[in-house]
Amino acid sequence: MLSSLAPRWLMVRSVLSQIPYKCSTIATDTINKLGSGSCSHSYRSHLCGELTESNLGETVTLCGWTRKKRLLGEGIDIAFVPLGDHSGTVQLTCDSGKWANLIESLRTETVVMARGVVKARPEKDRNSSMHTGGVEVEVESLEVLNEISPKLPFLPSTKGLVVTEELRLRERQLELRTPHTQRNLRLRSEVAMAMREYLAHEHGFVEVETPTLFKRTSEGSREFIVPTRKPGKFYSLAQSPQQFKQLLMVGGIDRYFQFARCYRDEDMRSDRQPEFTQVDLEMSFVDMEGVIGMIEGLLSTTLTQLTPHLHIPPTPFPRMTYNTAMEKYKSDKPDTREDRSDSSTLNFLWVVDFPLFTRNKDTHKLESTHHPFTAPHPDHQQLIYSSDQSKLENIRSLHYDLVVNGVELGGGSIRIHSEDLQRDVFKNILKVPVEEFSHLLRGLSSGCPPHGGIALGFDRLMAVLCQSSSVREVIAFPKSYQSKDLLTGAPSSLDKQTLATYHIIPKNN
Ligand code: ASP
């Protein structure tokens, strides 16, 4: 039982857990249990989807978007105008004699404010499949708050709406209004809230923001470059907060997390976006078991409460070595489900014992399998100094990936905390300029605790939880498959003057 003193997030969390996932009235039920908090500081007294027989006789003020109106002709001067918001829809009944002009010109999806009395619907008109199906609001005043364009590209409230993805992304502001997208974004918000609570309040993590305007380093992925007004000087957008979070450990933050925005200029896939969100964390004085145990606790606690429609296997999640995964599944992110189409079972799997280095097929150079900061397994540490190249490829690392149903959900590692070892890896094996990382090396030599961490792809996690085939379904303003923002038109061209200001073309061109 929740006490009335329970924090609001906990109440929301508990309420969401009682709602079948496929139910599009997820918000309605939440609101009903929460009372009218959503109406404070607002024109309205109630949300459209929360009215029931318990409100009979009350005068209410509602705001929302009109759905398709229905006029009852032949001498009965009544117009039915369903009014909806994120919580659901309620039927307004209007005297179409009194409101004749307004009703006639009222277009579907117009924003209105209506004041009226909650009445019971006649028995024959009751709709038991709607939360508000037993009531209607007899309108006393009706005001259009904003006119809409005569022809919207599509009507988000249409049942079974079929619209191309291109149009949906271009008109994302309308798509956001659909119950499907509302449900995804609201669940995303609840999961983020519950994760913050678990990490910060239950496990002593500190949420810290790190810079996204960073400098280019040979960390792994291809980065976006940001020109500046200083000739020849560029920022690089952070591909992850990796180096900063390690420096936070040096700085005694001890346990860090962040819902971090990351940028990678990589080829697009259905589970990739050029900018994406990671649940990024780092812990001091920890080994691999500590990080793995923390993530298992985080996921099982959060998901058991918020996504009861999904089957989450008990912890500890199974583990498989990289070699077994490659031999048995020919993939380092094996899908271990018995059925490939069952999206309601989440087969979490840890893949461990990755090689520390992998040889690039094109350049034949050794590269970090994870990233250059990953520690070798202690039993293999001495092999770093071997002159035998084949031995280097056999070094096992303290890197772990979390996979769910064939999707790589995240990865992390125990890090190198010795400056000497890190320098040797950069210089002798990866052959990258050590100066690029002088800030990190200074950190490692200034009292760096043993540490490790992980990052979970939050968009990917939400796509799995929402049973969506693409991360675009769970991001408010995603880029298209071609990496374009179809809503705003980014990336866009720049005029010559701007290009010259940023020294991309010569001045006076
Ligand atoms: N920074 C790593 C990544 O983005 C995650 C980690 O090692 O914690 O993949």
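All residue numbers in this chain count up from 1 along the given sequence. Worth saying up front: this structure is predicted, and the values here are computed from it rather than measured. Side-chain atoms are counted along with the backbone in the values below, which use heavy atoms only and exclude waters and symmetry mates. Both ligands and their constituent atoms are indexed starting at 1 by order of listing.
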What is the ring orientation for F458 with F259, classed by angle as parallel under 30°, tilted 30 to 60°, or perpendicular over 60°?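 Rings of F458 and F259: perpendicular, as their planes differ by over 60°.
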Neighbouring residues of ligand 1, heavy-atom cut-off under 4.0 Å: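 Near ligand 1, by chain and number: S240, Q242, K245, R264, Q278, H370, H371, G411, G412, R415, G453, I454, A455.
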Name of the residue among L409, V291, I292 meeting side-chain contact (heavy atoms from CB on, under 4.5 Å) with I454: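 Going through L409, V291, I292 one by one, the side-chain contact (heavy atoms from CB on, under 4.5 Å) with I454 is satisfied by V291 alone.
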Please determine whether a side-chain nitrogen of the Lys or Arg among E436 and K215 lies less than 4.0 Å from a carboxylate oxygen of the Asp or Glu.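 Looking at K215 together with E436, the answer is no, because their closest N to O distance does not fall below 4.0 Å.
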Could you check whether K479 pairs with E275 (Lys NZ or Arg NE/NH1/NH2 to Asp/Glu carboxylate O, under 4.0 Å)?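 Result for this pair is yes, salt bridge flagged.
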With distance as the sole criterion, is a donor-acceptor pair present between the side chains of Q389 and E393 under 3.5 Å?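 Checked: Q389/E393 side chains show no N/O donor-acceptor pair below 3.5 Å.
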Decide if atom OH of Y329 counts as having more than 12 heavy atoms of other residues, nucleotides or ligands within a radius under 6.0 Å.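 Correct, the count exceeds 12.
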